[in-house]
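Worksheet: the structure to be examined is printed underneath.
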Amino acid sequence: MAFSLSDIRPTLRRRFARGSSYTIAAAVLILLIIYASRNWELLSRNFFNAEVAAKLFPNIFIALGNTLLYTLVAFVFGTLLAILLALLKISKGPLRWFAIVFIEIFRGLPALLTIFIFAFMLTMAFQFRWPGGNMWGGVVALIFVTGAYSAEIVRAGIDAVPKGQREAARSLGMSGLPTTVFVILPQAIRIVIPPLTNEFVLLLKDTALLFIAGATAFQRELTTFGRDGLTTHANSTPLVVAGLLYLLLTIPLTYLVGMLEKRMAVKK
Amino acid sequence: MSEAASKSPKLHPRDTPNPDAPPIKVVDLHKQFGDLEVLKGIDLEIERGEVVCVIGPSGSGKSTLLRSINLLEWPTSGKVYIEGIDMLDPDVNLDRVRTRIGMVFQQFNLFPHMTVLRNVTIAQLKVLGRTKSEATDIAEAMLRRVGLDDKLHAYPSQLSGGQQQRVAIARSLAMNPDMMLFDEPTSSLDPELVGEVLEVMRNLASEGMTMMVVTHEMGFAREVGTRLIFMDDGQILEQGDPKEVLANPQHARTQSFLSKVL
């Protein structure tokens, strides 16, 4: 293989530049830690208090489970809703306008307000109770918010499927619906797995907003649990532990999706 | 195949093909994209068993003509009849007619998320209502015909371009079409892969399949074609016996086109 100095130089320069920026970042981090460690006693008592942390277990696992449950329910139904909205939006029928208005409203409202409206305002206006309590009204709100956001993602995915795919299916005599269901959507969903993963992580963190819906003791998700712990123990450690558990959920997910994408590369 | 046909829903008389009518008949076909007139009044009748090759410079409208026949492009005006069925009659079951018109694309357009077998069975299952074992048997037979029965479980991305195009042909054949449309089937293939696809098409022609082929393969047109059509600027300028047209082009534009490609 032929090479010359001019081929190598840019690589070396880039490597050097990257190396030095890592070094600077590490140095800054170490300085910050050294500086903060002078206040370690104060910090550890309030934020990293082992005694308080120990009291959180095992109940915090219920909160962890709830966070995961609310996220999964909102994600699964939200994504189904998103597919429906995306199909309506690219359709030519009058329901197209329903989809457009729905998406604009639930993408535009802050999630916190939407949860509040669903949990309290709607129940008051229409005099009903959410089965399972207001908390589930909040989860329905998250389904709508995720549905509105993901609808645009799914629509972009459908647009990204080559036009020839629909033509091939139609020329085989497949009508519109089977073409969409068996040919277009499976490819569109594969294309949008990375942005949908992003949406999943955002949703996971947005379940923290469910605190406003007023959870019973066994309905609390991680953040509500952490906030309650903060009040009970007059100590911030519960919030730190809750934060670590969020990372425990999101980081493996990133790797899982990466593996999934690699496995599906052959089907593209 | 008869058992598969008996499973399909009853055909309305207007959807019933007439065996005596020409497979393809096009009358005064016009197609406009905005201000651009791509087809300027095409009249064409193709008899059963004919292999009609369409040549012409790019932008001459030959692909648009082909795509108008199964209504992938909607004509601006004019008529298209498939086996006597008026394709532009809004009451005609277009999907049903399309099952009898196989179509092969320049870009193959295999479904990338399905195995070869699934590619060849999906429309049989969802459109013709064949059972899974029927559809699989037919798929295997068709793939054997194109020499790819050892690739049943491969995905399209694992095949060469020539293999993909042969699967695409098998996918169309599995629907038992009465005619096949080919839209530049070898134009996106590496030169060494063109032969295997033309070979499959040659076999099809010799079995009596009615074919319309938009192509740049003059050798194929000369040896396999029963008729050669030269199109330019949205019109059929010249047509006739391929050997005749290629040897003695009458129209000046045919002469200049052939002098560039031959």
Side-chain angles (χ1 to χ4, degrees), chain A residues 79-80 82-83 86-87 90-94 150 153-197 256-268, chain B residues 8 63 66-67 69-73 93-115 118-129 153-159 164-165 167-177 179-183 188:
Chain A
T79 304
L80 291 176
I83 292 171
L87 291 177
I90 56 178
S91 74
K92 291 177 186 88
S150 300
I153 296 175
V154 172
R155 191 183 58 81
I158 292 173
D159 282 348
V161 176
K163 187 164 75 73
Q165 291 291 308
R166 183 173 291 277
E167 291 181 349
R170 295 313 295 268
S171 74
L172 287 165
M174 291 171 78
S175 54
L177 191 63
T179 299
T180 301
V181 171
F182 298 110
V183 176
I184 306 298
L185 276 181
Q187 298 186 57
I189 296 296
R190 278 187 180 86
I191 293 170
V192 298
I193 282 177
L196 279 185
T197 310
L256 213 70
V257 174
M259 269 164 52
L260 189 72
E261 278 187 66
K262 230 175 263 173
R263 268 190 50 190
M264 290 199 316
V266 71
K267 299 187 183 183
K268 276 188 180 162
Chain B
S8 25
S63 278
L66 196 78
R67 292 160 54 82
I69 287 170
N70 66 355
L71 291 201
L72 283 185
E73 301 291 353
N93 184 343
L94 209 53
D95 294 325
R96 183 114 322 253
V97 185
R98 279 179 175 149
T99 62
R100 293 198 299 278
I101 315 170
M103 178 130 188
V104 175
F105 300 85
Q106 181 177 352
Q107 299 297 336
F108 329 134
N109 294 347
L110 290 182
F111 306 133
H113 57 301
M114 300 180 188
T115 61
R118 179 83 172 150
N119 261 281
V120 184
T121 53
I122 178 99
Q124 297 188 63
L125 298 170
K126 306 299 173 194
V127 181
L128 300 180
H153 303 293
Y155 283 92
S157 65
Q158 297 165 323
L159 303 179
Q164 289 190 50
Q165 193 60 300
V167 172
I169 294 173
R171 179 174 68 176
S172 284
L173 290 177
M175 305 299 283
N176 302 111
M179 65 203 83
M180 294 277 288
L181 309 176
F182 292 85
D183 189 3
S188 58

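Letters go in sequence order (proteins before strands), and every chain restarts at 1.
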message: I need the residue from A:Gln165, A:Met264, A:Met174 with the largest number of non-hydrogen atom pairs under 4.5 Å to chain B.
response: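 Result: the option with the highest number of such pairs is A:Gln165.
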- prompt: In a check of side-chain contact (heavy atoms from CB on, under 4.5 Å) between B:Gln164 and each of B:Leu110, B:Ile169, B:Asn109, which one passes?
  reply: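 One option only clears the test, and that one is B:Leu110.
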Under a 4.5 Å heavy-atom cut-off, does chain A meet the side chain of [X], its backbone, both or neither?
{"X": "B:Phe111", "result": "both"}
{"X": "B:Leu72", "result": "side chain"}
{"X": "B:Gln158", "result": "side chain"}

If we only count heavy atoms from C-beta on, is the [X] to [Y] side-chain gap below 4.5 Å?
{"X": "B:Gln124", "Y": "A:Leu172", "value": "no"}
{"X": "B:Leu66", "Y": "B:Met103", "value": "yes"}
{"X": "B:Val104", "Y": "B:Arg171", "value": "no"}

- prompt: For A:Arg190, is it the side chain, the backbone, both, or neither that has a heavy atom closer than 4.5 Å to a heavy atom of chain B?
  reply: side chain
task: List the atom of A:Gly176, the atom of A:Arg166, and the distance in Å for their closest heavy-atom pair.
output: O-NH1, 4.4 Å
